[in-house]
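Notes follow once the structure below has been shown.
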Amino acid sequence: MPELPEVETVRRGLEPVLKGQVLTHVEQRRPDLRIPFPTGFVGLVEGRRVTQLRRKAKYLLFDLDDGQVLICHLGMSGRMTVLPCGSNQPPERHDHVVFTTEDGGAVVFNDHRRFGLMTLTTRDDEATHPLLVNLAPDPLEPVFDAAHLSERLKGKRTPIKAALLDQRVLSGVGNIYASEALNRSRISPRRLAQSVAGARAARLAPAIVDVLNEAIAAGGSSLRDHRQASGELGYFQHSFRVYDQEGEPCPTPDCHGIIRRIVQANRSTFFCGRCQR
DNA sequence: ACGAGAACCTGTTTGC
DNA sequence: TGCAAACAGGTTCTCG
């Protein structure tokens with residue numbers, strides 16, 4: 001899936017197409033994704049105007065003009081594709097939802113693995129919604145800094161890599177940017193989370209912020225599934241220091257280590273055992 | 001209560 | 001060549 005930079009890239013691509021537009025037609029092509037669509041989903045959304053497109057962690061939130069909020073998560077393989085006005089493309093395999101707007105544009109949600117989801121809440125209930133209530137702030141929110149991060153890691157005996165993937169500790173970071181931020185801050189992914197404090201936290205927090213901002217500026221990373229809403233590819237994958245770079249030299253100046261791949265919590269981790277301690 | 005591992009689902013790549 | 005296993009950007013449940 002898209003991590004925070006990819007979701008933010010999608011949000012920015014959808015905004016000019018959807019913001020201010022009435023959703024004149026909504027086509028829901030299967031009853032469920034990771035979770036069932038809400039009962040009466042199409043009827044609740046059709047005819048509503050989209051007033052804002054927001055992102056919370058890796059969730060896209062569409063504000064509707066009647067106080068509803070459409071919650072969307074892209075899972076591992078979800079894509080949002082903007083179709084040009086007037087195009088009458090037949091649905092493709094794994095196109096699950098098609099939104100058509102009053103000006104004739106269309107947005108397609110496609111997700112072949114179906115780890116994504118779409119559901120509804122309201123502005124009033126959003127803060128307590130089960131999918132959103134336990135999300136920690138993301139690293140681009142103003143409260144995020146080294147002190148905030150070490151507070152969140154306090155007492156955690158899981159490896160720091162796993163802690164960075166825990167959306168209750170900090171949100172928005174996924175498997176790629178966790179490895180990247182740890183290499184930039186020269187911290188071993190195997191180090192216990194609680195030991196990342198002080199000088200280490202002071203390196204890690206800005207490394208996370210920087211890698212996310214750089215990835216957003218590049219339009220995200222395009223590996224297998226991710227596309228911008230426009231269909232264009234992001235290009236941050238060309239800037240990976242360690243992710244998917246097993247056997248390559250570590251980019252840390254004067255390090256000369258070799259990038260290794262290990263498995264933690266069933267996920268690949270890429271790191272340099274020489275400079276990352 | 002916490003942490004590790006499996007499960008969810010489909011598609012593509014890798015290895016024998 | 002062909003088939004099976006491994007792997008893929010996430011989240012959530014179960015088990016110890």
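Values below: every heavy atom of this structure, side chains too, minus hydrogens, waters and symmetry copies. Proteins get letters first, then strands, A, B, ... in listed order; numbering begins at 1 in each.
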Whole angstrom is fine here: how far is it from [atom1] in [X] over to [atom2] in [N]?
| X | N | atom1 | atom2 | answer |
| --- | --- | --- | --- | --- |
| A/I176 | C/dA8 | CD1 | P | 11 Å |
| A/R157 | C/dG16 | CZ | P | 22 Å |
| A/K58 | C/dT12 | NZ | P | 11 Å |
| A/L153 | B/dG3 | CG | C1' | 15 Å |
| A/L60 | C/dG10 | CG | P | 15 Å |
| A/Q264 | C/dA8 | CD | C1' | 17 Å |

Nearest to the [X] side chain among [options], which nucleotide is it?
| X | options | answer |
| --- | --- | --- |
| A/H94 | B/dC8, C/dT11, B/dG11 | B/dG11 |
| A/M76 | B/dG3, C/dA8, B/dC8 | C/dA8 |
| A/R113 | B/dG3, C/dG10, B/dC9 | B/dC9 |
| A/R267 | B/dA6, C/dG10, B/dC9 | C/dG10 |

* Donor-acceptor side-chain pairing of A/R277 and A/S188 below 3.5 angstrom -> no

* Asked: Closest approach of A/C275 and A/N183, non-hydrogen atoms and distance?
  -> SG-ND2, 4.3 Å

* Structure fact -> Residues A/Q276 and A/I187: closest non-hydrogen pair is NE2-O, 2.9 Å

* Centroid under 5.5 Å and tilt under 30°, A/F115 to B/dC8 -> yes

Under 4.0 Å between a side-chain nitrogen and a carboxylate oxygen: does that hold for [X] and [Y]?
| X | Y | answer |
| --- | --- | --- |
| A/R48 | A/E46 | no |
| A/D63 | A/R54 | yes |
| A/E214 | A/R184 | yes |
| A/K154 | A/E151 | yes |
| A/E180 | A/R241 | no |

* Of A/P142, A/P139, A/P137, the residue whose pairing with A/H148 passes side chain to side chain contact (heavy atoms under 4.5 Å, CB included) -> A/P137

* **Spacing of the P atoms in C/dC3 and B/dC9 (rounded, Å)** => 25 Å

* B/dA1 and C/dT11, which share atom name P, separated by this distance in whole Å -> 23 Å

Think [X] has a side-chain N or O under 4.0 angstrom from the OP1 or OP2 of [N]?
| X | N | result |
| --- | --- | --- |
| A/S268 | C/dA8 | yes |
| A/R34 | B/dA7 | no |
| A/R261 | C/dC7 | yes |

* Have a look at A/L192 and say if it touches a base, only the backbone sugar-phosphate, or nothing, with a 4.0 Å heavy-atom cut-off. => nothing

* **Hydrophobic cluster membership, A/F115 vs A/V108, 4.5 Å side-chain cutoff** => no

* Pull out every stem in DNA chain B, meaning runs of 3 or more consecutive Watson-Crick or G-U wobble pairs with both distances under 3.5 Å. => B:2-8 with C:10-16, B:10-16 with C:2-8

* Structure fact -> The correct set of residues in residues 158-173 of chain A placing a heavy atom under 4.0 Å from DNA chain B is A/T158, A/P159

* Asked: Does A/N266 make a side-chain donor-acceptor contact with the base of B/dA6, cut-off 3.5 Å?
  -> yes

